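Worksheet: the structure to be examined is printed underneath.
We count ligands from 1, going down the list as the structure has it; atoms in each ligand are counted the same way. In this chain, numbering begins with 1 at the start of the sequence shown. The structure displayed is predicted, hence computed values, not measured ones.
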Amino acid sequence: MTDYKNLLFDKSFVDGEWVAEFEEKLDVKNPADGSSIGSIYNSGTGLLQNAIEAAHRAFVPWREKTAKERQAVLEKWFSLIIENKEAIATIMTLECGKPLTESRGEVDYGASFIQWFAEEAKRVYGDVIPGFSADRRVVVIRQPIGVVGALTPWNFPLAMITRKVAPALAVGCPVVIRPSEETPFTALALAKLAQEAGFPAGVFNLIVSDEPAAIGEFLCESELVSKISFTGSTRVGQLLSAQSASTLKTLSLELGGNAPFLVFDDADIDAAVKGAIASKFRNAGQTCVCVNRFLVQDSVYDEFTRKFTEAVSQLKVGNGLDEGVQIGPLINKKAIDKTKSFVEDAKEKGGKIILGGEPIDDYFFQPTVISEATTDMKFAKEEIFGPIAPIFRFHTDEEGVQMANDTIFGLASYIYTGSVTRSWKISEALEYGMVGINEGIISTEVAPFGGVKYSGKGREGSKYGIDDYTELKYLCFGGVK
Ligand code: SIN
């Protein structure tokens with residue numbers, strides 16, 4: 001088994017070389033105790049420009065390979081990631097804090113996009129359209145869009161990269177990635193394995209930089225970049241959209257969420273509690289699809305709250321490397337303070353803190369349950385991104401749906417009910433890109449992940465996830481007599 005230390009790299013990867021723009025190094029901290037994991041050379045827009053130019057040069061030769069040839073390289077990359085699963089998972093837990101079992105799960109999840117899109121690229125079909133005159137024939141083909149910029153977050157340091165770059169690479173687009181500076185080691189391990197897999201120079205580029213705003217703006221304004229895919233906050237997504245206006249660049253945006261979890265009076269309450277725990281506390285509540293609001297029908301409110309609180313009280317908090325830990329640290333002290341502010345706000349407005357409610361130290365926050373939550377509380381409108389579970393009450397189906405939709409966001413939602421009719425009607429009424437029905441974990445490479453409203457645009461994963469990386473071209477054959 002590879003020692004994780006053999007997969008730690010400290011430079012950016014551009015045009016097939018390990019390079020850096022500056023001599024200055026960035027310290028990467030373990031969120032579980034603030035200790036240093038290592039340091040990485042910082043780079044900026046100078047190296048980014050080199051990466052963009054290298055990617056642009058690599059575009060035509062990469063595009064001209066057959067889907068099967070590209071598939072072979074992607075499959076190799078997939079196998080290398082799986083072979084090094086334990087080492088990558090250890091690096092991930094060290095730099096983002098999630099429990100080792102979740103990190104292992106993320107390696108599988110992230111790698112699954114590579115395998116899926118390696119296969120899917122062979123099925124990028126066009127169309128033959130009946131001609132509009134006797135001597136003409138109409139054909140539509142799909143072609144790769146061009147150089148893709150991928151801006152990725154710290155909460156899924158591996159899967160958010162592969163979910164974007166696997167479809168791009170599979171259809172023939174070179175990529176330039178900027179991972180979060182909080183979690184660069186996982187990203188660089190991926191780059192090392194991409195190098196070993198045999199991507200030609202310039203096809204796979206990754207820049208470590210502590211200047212996300214400058215990198216984002218530069219990518220948006222570059223004439224050589226055709227598309228940007230971003231996962232992160234709605235505020236930054238809006239900024240990137242504005243900055244892309246001058247180049248009319250295509251954007252895929254996976255932004256914030258405010259997921260409702262509706263429990264109806266005919267639900268299997270034990271199943272709902274199980275789904276609630278899985279969805280709310282994944283990565284200590286730090287995912288865009290984590291439940292933000294529990295909406296529970298009046299007649300089952302007390303039962304759900306009691307059973308859920310009992311289950312939450314059993315969760316083990318600690319360093320993600322330790323056996324049996326289910327909830328790791330929050331990413332930094334700012335996240336601890338923000339989480340605390342949600343609790344304070346709820347307390348002032350009449351919420352009952354029935355479990356937790358306090359930071360354990362500068363790194364960990366107690367899993368928290370708040371009952372009698374009301375719509376004037378801050379978490380009714382804002383994404384929590386921490387281990388707090390507010391429980392709201394509703395009476396009728398209409399009221400439940402109205403409360404669920406009363407947000408600018410529209411990423412994931414969840415409903416628990418024993419009724420098929422209710423499942424359909426409520427799912428159709430929810431203004432969200434995804435609905436889990438009697439299921440708290442819905443992410444998979446085979447289904448389209450994405451949101452509506454201020455949660456973004458575009459879909460990642462599934463057969464639809466390839467569309468954003470291709471353009472349609474119409475061919476008109478004349479003189480066919
Ligand atoms: C995210 O939090 O952005 C992604 C979550 C997932 O893929 O399940």
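Atoms of ligand 1 found under 4.0 Å from any heavy atom of T287 (numbered from 1 in listed order, with element): 2 (O). Atom numbering of ligand 1 starts at 1 in the shown order; those under 4.0 Å from a heavy atom of N155 are 1 (C), 2 (O).
In this structure, atom 7 (O) of ligand 1 lies nearest to the protein heavy atom Y109 OH, 2.7 Å. Residue, atom and distance of the protein heavy atom nearest to atom 5 (C) of ligand 1 are F156 CE1, 3.6 Å. Atom 8 (O) of ligand 1 has S443 OG, 2.5 Å as its closest protein atom, hydrogens excluded (heavy atom only).
Considering backbone and side-chain N/O atoms, T231 never comes within less than 3.5 Å of an N/O atom of ligand 1. Taking only nitrogen or oxygen atoms, main chain and side chain alike, C288 reaches within less than 3.5 Å of ligand 1.
Taking the charged nitrogens against the carboxylate oxygens, D406 and K381 do have a contact shorter than 4.0 Å, which makes a salt bridge. A salt bridge links E254 with R163: the closest approach of a Lys/Arg side-chain nitrogen to an acidic carboxylate oxygen falls below 4.0 angstrom.
Cation-pi geometry between K333 and Y363 is not met: the NZ or CZ atom fails to fall both under 6.0 Å from the ring centre and inside 45° of the normal. Taking the centre and axis of the six-membered ring of Y414, the NZ or CZ atom of K280 falls outside the cone set by 45° and 6.0 Å.
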**Request:** Could you give me the CA-CA distance, side-chain angles and deciding distance for L321 and L94, then say whether side-chain contact (heavy atoms from CB on, under 4.5 Å) is met?
**Result:** CA-CA 8 Å; L321 290 178; L94 281 170; 3.8 Å; yes
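The residue from F308, Y416, F379 that alone fulfils the ring-ring contact (aromatic ring centres under 6.0 Å, His included) condition with F294 is F308.
Contacts of R282 with ligand 1, taken as heavy-atom pairs under 4.0 Å, involve the side chain alone.
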